[in-house]
Chemist: 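Supplied in structure tokens, the structure appears directly below.
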Amino acid sequence: MKSFQNKVLEITTNIPKGSVLSYKEVARLAGSPKAYRAVGNILGKNYNPKIPCHRVICENGKIGGYNRGAKEKKKVLKEEGFNFKS
DNA sequence: CGTATGACGTGCA
DNA sequence: GTGCACGCCATAC
């Protein structure tokens, strides 16, 4: 089962600590630069705690959202040393 | 197969 | 700078 979803999740899982990728970047790495929509859709519906989805942010530097609350996402990113826009 | 949804992105007024 | 509309792709029903 190597679907686009699996790629996105795998890529997200491989994001090193302190680094963040935009939805568009993840989509590009997954093989479809224009599938950033699908990336958001997948991560949004994905509740797997093993996936550091908080390291995937908007292209404009915004958080966008988080399955556990954008607040947590901001907190985690800040803890990892990545300061983003409020 | 067609429609609806979503944590987006870009363009234009 | 802000707000609205459209487009794009994958998944669910």
Chemist: Among the nucleotides B/dT5, B/dA7, B/dG9, which one has an atom lying closest to any side-chain atom of A/N41?
Modeler: B/dT5
Chemist: Going 5' to 3' along DNA chain C, between which two nucleotides do contacts with chain A fall, using a heavy-atom cut-off of 4.0 Å?
Modeler: C/dG7 to C/dT11
Chemist: Given B/dT5, is OP1 or OP2 found less than 4.0 Å from the side-chain N or O atoms of A/K45?
Modeler: no
Chemist: On DNA chain B, does the nearest nucleotide to A/G44 precede the nearest nucleotide to A/K24 from the 5' side, or the other way round? Give the residue.
Modeler: A/G44
Chemist: What about A/Y23: does its side chain form a donor-acceptor pair under 3.5 Å with the base of B/dA7?
Modeler: yes
Chemist: So, for A/F4 and A/A30, which heavy atoms are closest and what is the spacing to 0.1 Å?
Modeler: CE1-CB, 3.5 Å
Chemist: For A/S3, answer base if it contacts any base atom (sugar-phosphate contacts may also be present), sugar-phosphate if it contacts only those atoms, and nothing otherwise; contact means non-hydrogen atoms under 4.0 Å.
Modeler: sugar-phosphate
Chemist: Looking at A/K73, I'd like to know if its NZ atom is crowded, meaning that more than 12 non-hydrogen atoms belonging to other residues, nucleotides or ligands lie closer than 6.0 Å.
Modeler: yes
Chemist: Please round to the nearest 0.5 Å and tell me the distance separating atom OG1 of A/T12 and atom NE2 of A/H54.
Modeler: 10.5 Å
Chemist: Measure NZ/A/K62 against P/B/dG6 and give the value in whole Å, please.
Modeler: 21 Å
Chemist: Using every non-hydrogen atom in the two residues, find where A/L77 and A/R55 come nearest and quote the distance to one decimal.
Modeler: CD2-CA, 4.3 Å
Chemist: Quick one: which of B/dA7, B/dG6, B/dG9 gets closest to the side chain of A/K73?
Modeler: B/dA7
Chemist: How far apart are the closest heavy atoms of A/N67 and A/C53, and which atoms are they?
Modeler: ND2-SG, 3.5 Å
Chemist: Tell me what A/A35 touches on the nucleic acid: a base, only sugar-phosphate, or nothing, going by heavy atoms under 4.0 Å.
Modeler: sugar-phosphate
Chemist: For the residue pair A/G65 and A/A70, what are the closest heavy atoms and their distance?
Modeler: CA-CB, 4.5 Å
Chemist: Between atom CG in A/N60 and atom P in B/dG11, what is the gap in whole Å?
Modeler: 14 Å
Chemist: Taking CD from A/E59 and P from B/dA7, how many angstroms apart are they, rounded to a whole number?
Modeler: 18 Å
Chemist: Testing A/N48, A/L43, A/V26 one by one against A/L9 for a side-chain contact (heavy atoms from CB on, under 4.5 Å), which residue passes?
Modeler: A/L43
Chemist: Answer with base, sugar-phosphate or nothing: what part of the nucleic acid does A/Y36 contact at a heavy-atom distance below 4.0 Å?
Modeler: base
